[in-house]
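Take a look at the structure below.
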Amino acid sequence: MASSTVTPPRPDRPPRPNLAFRHLRGQRSPAEFAALVRRAAREIGELVSCDARYIGRVESGEIRCPNYAYERVFLHMFPGRTLVDLGFAPRASVRGRGARTAEDAPCAHTTRPERTTSDERDTGETGGAHEPYDTQDPYDKYHNHEESDVLRRAFMTGGGATMAAATLGPLRLAPDASAAERPVRRVGTSEAGALEEAVRRIRLLDDRHGADGLYRRAAAPLRAAYALLDAGTTRQTTADRLHSGAGELAISVGWLAHDSGRFDDARSHYAEALATARMTGDQALEAHAFCNTAFLARDAGRPREAVRAAQAAQRVARPLGSPRLMSLLALREAGGWAGLTDRAGCEQALVRAQALYDRGPCDNDPEWMSFYGEAELEGLKAQCWSTLGDWPRAARHARRAADLQDPHFTRNIALYTAELADDLARGGRPDEAAVAGIRVLDLLDQVQSSRIQTMLAGTARVLLPHRRAGGVSTFLERHASTPRKA
């Protein structure tokens, strides 16, 4: 008998909350606890893109058992405990791809193999953290694991920046000659999970390496994401996740275009995300799209548009209940006022941004805001004062931003230090500017960002008349000999 092409309904089984894991989080916010998880991962050489939303999904019981990378991290964080002690289901009880026996389960400090074995390739398991957290429904007897593996491998396989760019290839969803002969399959939670993890993966790689090495490969996954929407789904909750994930991916790809100087492409991607948000009534996505649109307008020399977009974002975001989000949007507005040389308007927005930030994090903070801490607050203030020509004040904020930044955000350290170098140079302190500029050059092996390279080139032009000053000639020579990376 031919199998049905429509996924049959399944009984409603709400997940059981993971109270043990929630107890371990204590008084920390989900975002703060996610930061501890990432720090613990770095301690043992793992790479996980944990954020507040992941913590929320664990605590709600949606993630019944983590993947092996997260397992290693959690066992490292809580020595002497098992997954069951942490509130997870035993791995043997969760039907998933390539489940291992107890003897094969990793220890807290398992060292990742340098090469993937043929068995690992066959099962789809990797020795590291590049696979997404487990999203498969153990009760779904009709789940197509092969298609999920295509999605997962296309989004998540790989290592450093170069490998990441190479693996952000197209998902195999485009029609081919045999497509008409295959039954239509609706997508489900596994695809939604892979899409959400793709967004996290891109953000993580951008934080560490910058946009230039990623953008060229990111458009194909975005096309595939919108193909998922056309495929349809049987559940409204899954459809909502797919639309939100596609919109967030459009913003992430737009940011890669933005940071690599492709402003027209960025504007198009942000507009696509905004349209998706409005079609589905997703206020959080709409606020995010307006936020990035305001940032792009400022950088593209359209400060009045930046103010309007930031104000629109604040109107949409106000019901979401996140003071930190409202703080960031006030900073976007301040950047627009600075571009209009409206010092009073800029100062008012900066004061509002600081007051909102001081309210602290909360559970309603969007997961994409993991970059927004005190360092980013100081960095955006520095950009405002720099635009207004107050170089000493800008330099103070930029120095503080660079000093406060989490080492995980390599790109932002380079960005804030480049801002500091430029502010010092324009403020008449060439020796200090050269020292800061050299620190940025030291980071360019890890970071590929046209924005940072452009800033550094401007600093070099300002310092050229001071080339006889101590350290300046060294910086200028090194900068001249540093090739721009595509």
Side-chain angles (χ1 to χ4, degrees), residues 161 206-213 255 258-261 295 298-299 331 334-335 338-339 346 350 354 371-485:
D206 175 57
D207 290 341
R208 295 190 174 184
H209 305 291
D212 288 9
W255 166 247
H258 182 173
D259 194 44
S260 56
F295 195 14
R298 188 208 70 171
D299 286 352
L331 286 168
C346 179
L350 289 176
Q354 183 67 61
F371 71 93
Y372 185 55
E374 192 175 1
E376 180 73 5
L377 174 70
E378 294 293 328
L380 292 174
K381 286 180 179 179
Q383 292 175 13
C384 288
W385 292 117
S386 178
T387 302
L388 289 169
D390 191 337
W391 312 118
R393 202 166 187 174
R396 285 197 301 272
H397 286 290
R399 190 186 301 278
R400 182 165 171 75
D403 291 342
L404 288 170
Q405 184 59 68
D406 185 330
H408 164 77
F409 293 94
T410 310
R411 174 202 168 273
N412 280 2
I413 293 175
L415 176 66
Y416 303 146
T417 309
E419 176 71 38
L420 173 61
D422 197 62
D423 294 334
L424 290 170
R426 296 177 190 278
R429 298 157 71 181
D431 295 357
E432 295 177 64
V435 172
I438 288 172
R439 287 205 299 271
V440 179
L441 290 173
D442 291 338
L443 292 171
L444 290 186
D445 287 339
Q446 306 172 51
V447 176
Q448 298 179 30
S449 169
S450 294
R451 172 192 298 272
I452 295 170
Q453 291 174 336
T454 300
M455 291 172 65
L456 214 53
T459 302
R461 287 193 295 271
V462 174
L463 288 179
L464 196 58
H466 306 278
R467 56 185 174 275
R468 296 185 182 278
V472 174
S473 60
T474 302
F475 164 71
L476 291 174
E477 289 169 5
R478 279 197 57 186
H479 178 262
S481 63
T482 301
R484 286 182 64 92
K485 297 179 180 180

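Model, not experiment: these values are computed from the prediction.
In this structure, the separation between CD on Q453 and CG on L444 is 6.0 Å, given to the nearest 0.5 Å. With rounding to the nearest 0.5 Å, the separation of NE2 in H258 from CG in D299 is 3.5 Å. The line from NE2 of H397 to OH of Y416 is 13.5 Å long, rounded to the nearest 0.5 Å. Atom CG of L377 and atom CG of L404 lie 9.5 Å apart (nearest 0.5 Å).
Heavy atoms only, all atoms of each residue included: G261 and S450 are closest at N-CB, 4.4 Å. For the pair I452 and A418, the tightest heavy-atom approach, listed with the atom from each and the gap, is CG2-CB, 4.2 Å. Between V462 and P465 the shortest heavy-atom distance is O-CD, 3.2 Å. When every heavy atom of C346 is checked against every heavy atom of C384, the shortest pair comes out as SG-CB, 3.8 Å.
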Sequence neighbours left out, cut at 3.5 Å: what donor-acceptor pairs do the side chains of residues 419-428 make with other protein atoms?
unit_1, atom_1, unit_2, atom_2, d
E419, OE2, S386, OG, 3.4
D422, OD1, R426, NE, 3.3
D422, OD1, T459, OG1, 3.0
D422, OD2, R426, NE, 2.8
D423, OD1, S386, OG, 3.1

Let me have the donor-acceptor pairs involving side chains of residues 472-479, under 3.5 Å, with sequence neighbours excluded, atom names and distances please.
unit_1, atom_1, unit_2, atom_2, d
R478, NH1, D442, OD1, 2.9
R478, NH2, D442, OD1, 3.0

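Between W385 and L350, the closest side-chain pair of non-hydrogen atoms falls below 4.5 Å. The shortest distance between side-chain heavy atoms of T387 and R298 does not fall below 4.5 Å. Side-chain contact between L441 and L456 is present, with at least one heavy-atom pair separated by less than 4.5 Å. In this structure, the side chains of K381 and R400 stay at 4.5 Å or more apart for every pair of heavy atoms. Annotation: side chain of R439 is not in contact with side chain of I413 (no heavy-atom distance under 4.5 Å).
R467 contributes a side-chain N or O that, together with a main-chain N or O of L464, makes up a donor-acceptor pair within less than 3.5 Å.
Scanning for side-chain hydrogen bond (donor to acceptor under 3.5 Å, both in side chains) contacts around R393 gives an empty result, with sequence neighbours left out.
Of the residues listed (E376, M455, Q405), the one engaging L415 in a side chain to side chain contact (heavy atoms under 4.5 Å, CB included) is M455, and it is the only one.
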